[in-house]
Amino acid sequence: VQLQASGGGLVRAGGSLRLSCAASGRTSSTYVIGWFRQAPGKEREFVSAIRGNGAITYSSDSVKGRFTISRDNAKNTVYLQMNSLKPEDTAVYYCAATPWVLVSAQAMGVMNMNKYNYWGQGTLVTVSS
């Protein structure tokens with residue numbers, strides 16, 4: 001499975017960006033796709049995730065109401081629409097994928113980056129104040 005993240009850039013506080021994660025290889029609707037981010041000097045943290053059929057999504061408290069994750073299985077692409085961006089959203093954003101069975105056994109396993117087998121290269125989001 002190969003993942004290609006794109007869509008990062010520089011935006012002012014209050015602005016919007018849409019990130020894309022294009023998947024190729026052996027992906028299927030049984031995979032969960034997640035977004036994580038890592039700010040300078042901080043640990044990587046969970047942002048949002050979506051199950052294979054797109055019906056169930058998860059988001060961290062810090063982005064709820066501002067970020068929306070969606071999935072287009074026909075294009076093998078997951079999107080992260082980010083609105084009302086804040087300077088504290090500045091980070092490198094990574095998409096990751098893993099079979100649902102690897103995260104389903106643990107409560108909120110989708111938030112655990114160690115459960116994800118495949119990672120994209122990251123895309124930088126910079127939010128200026």
Side-chain angles (χ1 to χ4, degrees):
V1 175
Q2 294 81 43
L3 302 172
Q4 180 74 34
S6 62
L10 174 63
V11 64
R12 288 193 172 186
S16 299
L17 281 175
R18 188 177 79 159
L19 305 184
S20 299
C21 177
S24 60
R26 192 183 170 186
T27 58
S28 73
S29 60
T30 61
Y31 275 65
V32 60
I33 306 292
W35 284 97
F36 293 79
R37 67 186 181 185
Q38 188 166 17
K42 295 188 177 181
E43 294 186 352
R44 194 170 297 188
E45 64 175 3
F46 171 77
V47 176
S48 191
I50 188 166
R51 285 191 61 178
N53 58 9
I56 301 177
T57 63
Y58 309 82
S59 292
S60 67
D61 289 342
S62 62
V63 306
K64 277 180 182 176
R66 300 188 299 122
F67 292 9
T68 302
I69 190 169
S70 61
R71 184 168 187 156
D72 185 338
N73 282 338
K75 296 182 178 180
N76 266 356
T77 300
V78 170
Y79 303 98
L80 185 68
Q81 178 66 44
M82 305 187 297
N83 299 328
S84 301
L85 283 161
K86 304 175 181 179
E88 51 263 43
D89 294 319
T90 294
V92 177
Y93 284 71
Y94 299 89
C95 62
T98 199
W100 171 247
V101 296
L102 294 185
V103 301
S104 60
Q106 179 187 25
M108 301 311 295
V110 293
M111 301 175 64
N112 185 347
M113 66 177 183
N114 295 316
K115 297 291 186 180
Y116 288 78
N117 288 345
Y118 307 100
W119 290 83
Q121 84 289 1
T123 185
L124 177 62
V125 172
T126 303
V127 184
S128 63
S129 57

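Residue A49 comes nearest to V110 through the heavy atom pair CB-CB, 4.2 Å, listed as atom of the first residue, atom of the second, then distance. Counting all heavy atoms, side chain and backbone alike, N117 lies closest to P99 at ND2-CD, 4.1 Å.
Taking 4.5 Å as the limit, every side-chain heavy atom of Q38 sits out of range of all side-chain heavy atoms of Y93. A 4.5 Å side-chain heavy-atom check between I50 and I56 finds every atom pair outside the cut-off. Annotation: side chain of W35 is not in contact with side chain of Y94 (no heavy-atom distance under 4.5 Å). The closest side-chain heavy-atom distance from V103 to T98 is below 4.5 Å.
R18 pairs by the salt bridge (charged side-chain N to carboxylate O under 4.0 Å, His left out) definition with nothing, not counting sequence neighbours. For the side-chain contact (heavy atoms from CB on, under 4.5 Å) test, residues two or more places apart in sequence or in another chain that qualify with S84 are R66. Residues passing the ring-ring contact (aromatic ring centres under 6.0 Å, His included) test with W100, sequence neighbours excluded: none. For S70, the side-chain contact (heavy atoms from CB on, under 4.5 Å) partners are Y79, not counting sequence neighbours. With sequence neighbours excluded, the residues that form a ring-ring contact (aromatic ring centres under 6.0 Å, His included) with F36 are F46, Y116, W119. With sequence neighbours excluded, no residue satisfies salt bridge (charged side-chain N to carboxylate O under 4.0 Å, His left out) with K75. Applying the salt bridge (charged side-chain N to carboxylate O under 4.0 Å, His left out) rule to E88 yields no partners; only residues at least two apart in sequence or on another chain are considered. Every residue meeting the side chain to side chain donor-acceptor pair (under 3.5 Å) condition with E45, not counting sequence neighbours, appears here in chain and number order: R37.
Atom OH of Y58 and atom CZ of R51 lie 5.5 Å apart (nearest 0.5 Å). Atom OG of residue S48 and atom CE of residue M82 lie 11.5 Å apart, to the nearest 0.5 angstrom. A distance of 12.0 Å separates CD of Q81 from CD1 of I69, quoted to the nearest 0.5 Å. For the atom pair CZ (F67) and OG1 (T57), the distance works out to 14.0 Å, reported to the nearest 0.5 Å.
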Can you give the donor-acceptor pairs under 3.5 Å from side chains of residues 120-129 to other protein atoms, not counting sequence neighbours?
residue : atom : partner : partner atom : Å
Q121    : OE1  : A5      : N            : 3.3
Q121    : NE2  : A5      : O            : 2.8
T123    : OG1  : G8      : N            : 3.0

For side chain to side chain contact (heavy atoms under 4.5 Å, CB included), just list the numbers for L85 and L17, CA-CA rounded to whole Å, side-chain angles, deciding distance to a tenth of an Å, and then say yes or no.
CA-CA 8 Å; L85 283 161; L17 281 175; 4.2 Å; yes

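Donor-acceptor pairing under 3.5 Å is recorded for the side chains of S16 and N83.
Judged purely by atom type and a 3.5 angstrom limit, D89 uses its side chain to pair as donor or acceptor with the backbone of K86.
Legend: disulfide (SG to SG under 2.5 Å) pairs involving residues 31-65, not counting sequence neighbours: none detected. Sorted by first and then second residue, the disulfide (SG to SG under 2.5 Å) pairs involving residues 74-129 (not counting sequence neighbours) are C21-C95.
In the hydrophobic clustering, where aliphatic and aromatic side chains (Ile, Leu, Val, Met, Phe, Trp, Tyr) are joined below 4.5 Å either directly or transitively, V101 groups with L102.
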